[in-house]
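Chain naming here is simple, since letters A, B, ... match the order of the sequence lines and numbering starts at 1 in each. Computation of the quantities below employed the complete heavy-atom set of this structure, encompassing side-chain atoms and omitting hydrogens, waters and symmetry-equivalent molecules.
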Protein chains: 2
Amino acid sequence: LIRLTDITKVYQMGDMEVRALDGVSMEIRRGEYVAIMGPSGSGKSTMMNVIGCLDTPTTGTYELNGKLASAMTDDDLAQIRNEEIGFVFQTFNLLARTTSLQNVELPLIYAGKTPVERHQMALKALENVGLGTRSDHMPNQLSGGQRQRVAIARALVNDPSILLADEPTGALDSKTSVEIMALFEDLYQKGNTIILVTHEEDIARHAHRIVKLRDGKIIHDEPNTPI
Amino acid sequence: LIRLTDITKVYQMGDMEVRALDGVSMEIRRGEYVAIMGPSGSGKSTMMNVIGCLDTPTTGTYELNGKLASAMTDDDLAQIRNEEIGFVFQTFNLLARTTSLQNVELPLIYAGKTPVERHQMALKALENVGLGTRSDHMPNQLSGGQRQRVAIARALVNDPSILLADEPTGALDSKTSVEIMALFEDLYQKGNTIILVTHEEDIARHAHRIVKLRDGKIIHDEPNTPI
Ligand SMILES: Nc1ncnc2c1ncn2[C@@H]1O[C@H](COP(=O)(O)OP(=O)(O)OP(=O)(O)O)[C@@H](O)[C@H]1O
Ligand SMILES: Nc1ncnc2c1ncn2[C@@H]1O[C@H](COP(=O)(O)OP(=O)(O)OP(=O)(O)O)[C@@H](O)[C@H]1O
Ligand SMILES: [Mg+2]
Ligand SMILES: [Mg+2]
């Protein structure tokens, strides 16, 4: 499903070079549940952006569903992103002057759902994250953790076959986090693939495989018995 | 030092009313170390914004240093904010097209430091959070946790007498979090006041008093023996 081979991502800034990813190779098969951990700045978000076709590596190859990402057109990439991938961004990336409901409906517009279907599916997704009563509120009328939950609802609304979640519980208290992890578990049980970045041990423990990054390299990649 | 008496903060949105703070009374003396906890949406950031003079309550009184915040002019409030308070925002609030160093220097401009002093103090604050080599990089060239650390450096650069930190370790791995908590401990040991919002138990345990919010009310306010 996902195969990274010798991936590097290098930023050149003046006379300083930052190797965000410094030679990473990894395979993830369909239906796996992987947690990516590592210190701040170790390359987790960069790796998620490469996997989610939002960023291109400096060197190395990335194959998604057997096709080289580098050989795909922008249209191909956009189509895979819209049809297969649900992304929870570390910075949420909600549209500002747009209600929670409209933010969550966005992936459904690409999926060609009717307005009635979109409204029902988006409302259900918001109810699943405990925000059914806030559907017509804008992001700036919501708390930090509420905005994060809208971003999660948007990523899950279309039952993606690959969920990429970058620190999805960073702004949530433990009880709300448990509710979110239960939603991810439902998606996983349906045979979908979950790739989760987290710095919280007890969130990582839900995964069946733990990958640790340090300074842009994989220093650990082992199966995990989930809690 | 800080006295909240029957504080409410109510948002009226159409026919729906959200009581972000629903009658809160609390006193914090100089030199205390308080952790504020509670579920997502329970009113933690709203309380911090009232304490930090960034938001006015709907009803109730807020006294800071014996003066009614409601009776202060905008200039008085700005002066207290610049001279006494260091704020780590939940959303970091860094200036986008500005380097890390310039972001951290900002409070020192208000404090009337010379350019040479500002440069030295800001660089030292960045080194304290492990980002000395990234001083001329912009926020969009940094990872999520690196941006959070720039926001922490900016809040600490002028040794504030009151530190208001809203989820300061939300984007940080545990090792980096320990380093940040050590910086807060240094500030506390110098006799300053620390008020910290967190949803992480092991961060809250550094405080000497734990306050828990639920639905805009204080449901717990007890001393804590710090780790
Ligand atoms: N500008 C606003 N307009 C309307 N409602 C608001 C506004 N700001 C906050 N609220 C609401 O007030 C309540 C408290 O918000 P607050 O940001 O204080 O919560 P919080 O405890 O910090 O949550 P989190 O842990 O998710 O950051 C929430 O239900 C939120 O939606
Ligand atoms: N646009 C950019 N320009 C320059 N450097 C960048 C850029 N984006 C990321 N980096 C650098 O690449 C490294 C890896 O960044 P990345 O965002 O992947 O880290 P991370 O593991 O997600 O960190 P965090 O846990 O703090 O979110 C960091 O040192 C970061 O500063
Ligand atoms: Mg990141
Ligand atoms: Mg908050």
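- A:Q141 touches chain B through its side chain: at least one heavy atom from C-beta onward sits under 4.5 Å away, while N, CA, C and O do not.
- Using a distance-only test at 3.5 Å, with no hydrogens or angles considered, a donor-acceptor pair links the side chain of B:K44 to the main chain of B:G38.
- Heavy-atom proximity under 4.5 angstrom to chain B picks out A:T133, A:R134, A:H137 from residues 123-139 of chain A.
- Proximity to chain B (any heavy atom under 4.5 Å) is restricted, for A:M16, to the side chain, taken from C-beta onward.
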Could you pull out every donor-acceptor pair under 3.5 Å between side chains of residues 88-98 of chain A and any protein atom, sequence neighbours left out?
unit_1, atom_1, unit_2, atom_2, d
A:Q90, OE1, A:S45, OG, 2.7
A:T91, OG1, A:N93, OD1, 2.7

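- Among the candidates B:A20, B:G43, B:P39, B:G14, the residue making the largest number of heavy-atom pairs closer than 4.5 Å to chain A is B:P39.
- The existence of a salt bridge linking A:E32 and A:R209 is confirmed by a sub-4.0 Å separation between a basic side-chain nitrogen and an acidic carboxylate oxygen.
- In this structure, A:S42 contributes its side chain and A:G216 its backbone to no donor-acceptor pair below 3.5 Å.
- Checking A:R149 against A:T176 by side-chain atom types alone, no donor-acceptor pair falls below 3.5 Å.
- Using a 4.0 Å cut-off between charged nitrogen and carboxylate oxygen, A:D55 and A:K9 count as a salt-bridge pair.
- In the displayed structure, A:N140 atom CG is contacted under 6.0 Å by more than 12 heavy atoms of other residues, nucleotides or ligands.
- No more than 12 heavy atoms of other residues, nucleotides or ligands sit less than 6.0 Å from atom CZ of A:R214.
- Among A:G144, A:S177, A:S174, the residue making the largest number of heavy-atom pairs under 4.5 Å with chain B is A:G144.
- Interface remark: B:S143 contributes side-chain atoms only to the contact with chain A (heavy atom separation under 4.5 Å).
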